[in-house]
**Student:** 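Take this structure, written in structure tokens, and hold onto it; I'll ask about it next.
None of these values were measured; they are calculated from a predicted model.
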Amino acid sequence: MAQLEPADIASVKPAPGAQLARLGTKLVERYSQGKYTLTPSFRAGGAQYELAFVHCGIVADLLTMGRQRDFSNIAKISVCYISELWASQLPLKTEFLHRLQCFDAVFIGCAGPVEELSKQIGRPCYYLPPAVDALASCPYPDLAGRCIDFLSVGRRPEQIHRSLLAHSQTDQLFFYLRDTVRGLAKAEVVTTQDHRQQLLSFLKRSKYFLANRPKFDQPLGANDHEVGYRFFEGAAAGCVMIGDAPRNQAFDALFGWPDVVIPNPEDPSKIIDLYRELESDPERVARIRQRNVVESLRRHDWAYRWQTLLDTVGLAPTDALTQRLEQLASLADSVEQQG
């Protein structure tokens with residue numbers, strides 16, 4: 001967002017007690033009495049900013065605000081964006097939620113908890129879906145060779161994985177790239193930027209990408225069927241996605257075009273048959289790739305989410321945001337015209 005706005009960034013650095021705060025929230029809340037400083041210092045002296053934007057990956061990150069309870073002396077409008085908050089977590093996270101009452105509006109990357117959270121905190125809450133850097137993700141105009149036949153990242157259907165693995169062991173020309181280490185979600189990366197760049201490089205070089213709804217292998221509550229990042233990442237990079245898409249209104253609204261996700265075969269052992277079927281129809285595959293890229297450029301760049309947020313709180317777009325939107329539209333038109 002700092003590329004789109006003349007923004008000052010206050011990034012929280014771990015301080016003494018920060019780990020304790022994440023592991024023992026209630027102890028910190030009740031007994032630390034401000035001993036631990038978990039937030040950068042904000043200077044008072046009048047609303048010097050148009051907008052204070054606080055981003056939390058998960059709701060527990062609200063602890064990094066420390067004792068900050070009022071942003072009115074910093075900015076005219078304050079909002080919080082929580083990337084991941086599931087509806088089923090609301091009853092378990094009440095010790096965090098009161099911290100959201102200091103914001104004028106709350107945006108969530110999950111649709112399920114929006115209505116209930118708004119009732120609990122007495123503040124307007126909105127669904128702001130995930131997105132990508134669509135310009136960086138776009139494989140055009142310098143198309144890389146798609147040398148990876150199948151890419152799998154994170155959770156995967158075990159039987160489909162076994163079928164792909166068995167085929168890769170008998171066909172030396174079939175490249176199946178997948179995770180081989182457990183617990184990667186909790187692993188520490190060298191740098192976030194390097195990690196994201198590597199994933200993007202893999203996606204741009206993959207023919208097919210296994211993309212399933214979040215937590216597909218777990219029982220979910222009625223409002224816990226969310227649209228995960230994998231669909232945005234795969235589409236923007238021009239992959240043909242194969243998997244189990246969420247069956248809800250949010251997914252249909254975000255990805256309402258043909259063949260955005262090819263369903264997994266009913267018999268997981270038939271995944272190679274599906275691969276061969278698609279490979280035998282290169283024109284269809286080319287249409288899917290192109291359409292995924294074009295639609296992502298027109299819908300799913302972070303600039304569109306930022307535009308939505310600004311519109312919601314009544315702020316005008318900056319020149320930089322307008323230029324970004326024009327660049328996205330121009331590139332989408334160019335890719336579409338390549339036929």
**Student:** When you look at Lys76 and Asp104, which way does the salt bridge (charged side-chain N to carboxylate O under 4.0 Å, His left out) test go after all the steps?
**Tutor:** CA-CA 10 Å; Lys76 297 176 183 178; Asp104 296 305; over 6 Å; no
**Student:** Kindly compute the distance separating CZ (Arg156) from CZ (Arg162), expressed to the nearest 0.5 Å.
**Tutor:** 10.5 Å
**Student:** For the residue pair Asp149 / Tyr275, report whether a side-chain donor-acceptor contact shorter than 3.5 Å exists.
**Tutor:** yes
**Student:** Is the distance from the ring center of Tyr49 to that of Phe71 below 6.0 Å?
**Tutor:** no
**Student:** Do Val114 and Val106 touch side chain to side chain, with heavy atoms closer than 4.5 Å?
**Tutor:** no
**Student:** Using 4.0 Å as the upper bound for N to carboxylate O, is an ion pair formed by Asp133 and Arg324?
**Tutor:** yes
**Student:** Taking NE2 in His55 as the centre, count heavy atoms belonging to other residues, nucleotides or ligands within less than 6.0 Å. Is the count above 12?
**Tutor:** yes
**Student:** State, with a plain yes or no, whether a side-chain heavy atom of Val240 is found less than 4.5 Å away from one of Phe209.
**Tutor:** no
**Student:** Would Ile58 and Ile82 count as a side chain to side chain contact (heavy atoms under 4.5 Å, CB included) here? Give the steps.
**Tutor:** CA-CA 6 Å; Ile58 57 176; Ile82 304 175; 5.8 Å; no
**Student:** What is the distance from atom SG of Cys110 to atom NE2 of His225, rounded to the nearest 0.5 Å?
**Tutor:** 12.5 Å
**Student:** Any side-chain heavy atom of Gln89 within less than 4.5 Å of one from Pro113?
**Tutor:** no
**Student:** Going from CD on Gln198 to OG1 on Thr191, what distance comes out if it is rounded to the nearest 0.5 angstrom?
**Tutor:** 10.5 Å
**Student:** Can Ser280 and Arg276 be counted as having a side-chain donor-acceptor contact under 3.5 angstrom?
**Tutor:** no
**Student:** Has Glu283 got more than 12 heavy atoms of other residues, nucleotides or ligands less than 6.0 Å from its CD?
**Tutor:** no
**Student:** Passes side chain to side chain contact (heavy atoms under 4.5 Å, CB included), Ile121 versus His98? Steps please.
**Tutor:** CA-CA 7 Å; Ile121 66 174; His98 69 277; over 6 Å; no
**Student:** Going through the checks in order, is the salt bridge (charged side-chain N to carboxylate O under 4.0 Å, His left out) test met by Asp333 and Arg298?
**Tutor:** CA-CA 9 Å; Asp333 290 343; Arg298 289 176 174 163; 2.7 Å; yes
**Student:** So if I apply the ring pair (Phe, Tyr, Trp, His ring centres under 6.0 Å) rule between Phe107 and each of Tyr126, Tyr127, Tyr81, which one comes out positive?
**Tutor:** Tyr126
**Student:** Please report the interatomic distance CD1(Ile108) to CG(Leu100), rounded to the nearest 0.5 Å.
**Tutor:** 8.0 Å
**Student:** Do Ser137 and Leu297 have side-chain heavy atoms sitting under 4.5 Å apart?
**Tutor:** no
**Student:** Using the ring centroid of each side chain, check whether Trp302 and Phe232 are separated by less than 6.0 Å.
**Tutor:** no
**Student:** Nearest heavy-atom pair of Ala134 and Ser296: which atoms, and what distance?
**Tutor:** CB-O, 4.0 Å
**Student:** Surrounding CD of Glu115 (heavy atoms of other residues, nucleotides or ligands, distance under 6.0 Å), is the total greater than 12?
**Tutor:** no
**Student:** Measuring from Ile148:CD1 to Phe174:CZ, what's the distance to the nearest 0.5 Å?
**Tutor:** 11.5 Å
**Student:** Does a side-chain N-to-carboxylate-O contact under 4.0 Å join Lys207 and Glu279?
**Tutor:** yes
**Student:** Run the salt-bridge test on Glu295 and Arg299 with the 4.0 Å N-O cut-off and return the result as yes or no.
**Tutor:** yes
**Student:** Counting heavy atoms not belonging to Asp319, are there more than 12 under 6.0 Å from its CG?
**Tutor:** no
**Student:** Cluster question for you: counting only ILVMFWY and a side-chain heavy-atom cut-off of under 4.5 Å, with indirect links fine, are Ile262 and Phe251 together?
**Tutor:** no
**Student:** Any heavy-atom pair between the side chains of Leu310 and Leu51 that's under 4.5 Å?
**Tutor:** yes
**Student:** Between Tyr176 and His161 (judged by ring centroids, cut-off 6.0 Å), do the two rings come close enough to count as a pair?
**Tutor:** yes
**Student:** How long is the span from the NE2 atom in His300 to the CD atom in Glu233, to the nearest 0.5 Å?
**Tutor:** 12.5 Å
**Student:** Mind running side-chain hydrogen bond (donor to acceptor under 3.5 Å, both in side chains) on Ser201 and Arg205 for me, showing each step along the way?
**Tutor:** CA-CA 6 Å; Ser201 181; Arg205 289 162 176 80; 3.0 Å; yes
**Student:** Could you walk me through whether Arg247 and Asp244 satisfy the salt bridge (charged side-chain N to carboxylate O under 4.0 Å, His left out) test, starting with their C-alpha distance in whole Å, then the side-chain angles of each, then the deciding distance to 0.1 Å, before giving a yes or no?
**Tutor:** CA-CA 9 Å; Arg247 291 175 282 275; Asp244 180 17; 2.9 Å; yes
**Student:** Looking at Glu116, I'd like to know if its CD atom is crowded, meaning that more than 12 non-hydrogen atoms belonging to other residues, nucleotides or ligands lie closer than 6.0 Å.
**Tutor:** yes
**Student:** Salt bridge check, Glu277 against Lys270: does any charged N sit closer than 4.0 Å to a carboxylate O?
**Tutor:** no
**Student:** Over all heavy atoms of both residues, which pair between Ser269 and Ser163 is shortest? Give the atoms and the distance, please.
**Tutor:** CA-OG, 3.3 Å
**Student:** Quick one: are Pro139 and Gln290 in side-chain contact, heavy atoms under 4.5 Å?
**Tutor:** no
**Student:** Is the closest side-chain donor-acceptor distance between Asn292 and Trp257 under 3.5 Å?
**Tutor:** yes
**Student:** Indicate whether any N or O donor in one side chain lies under 3.5 Å from an N or O acceptor in the other, for Asn212 and Asn264.
**Tutor:** yes
**Student:** Please tell me if the side chains of Ser78 and Val54 come closer than 4.5 Å, counting only heavy atoms from C-beta onward.
**Tutor:** no
**Student:** Is the closest side-chain heavy-atom distance between Glu84 and Glu226 below 4.5 Å?
**Tutor:** no
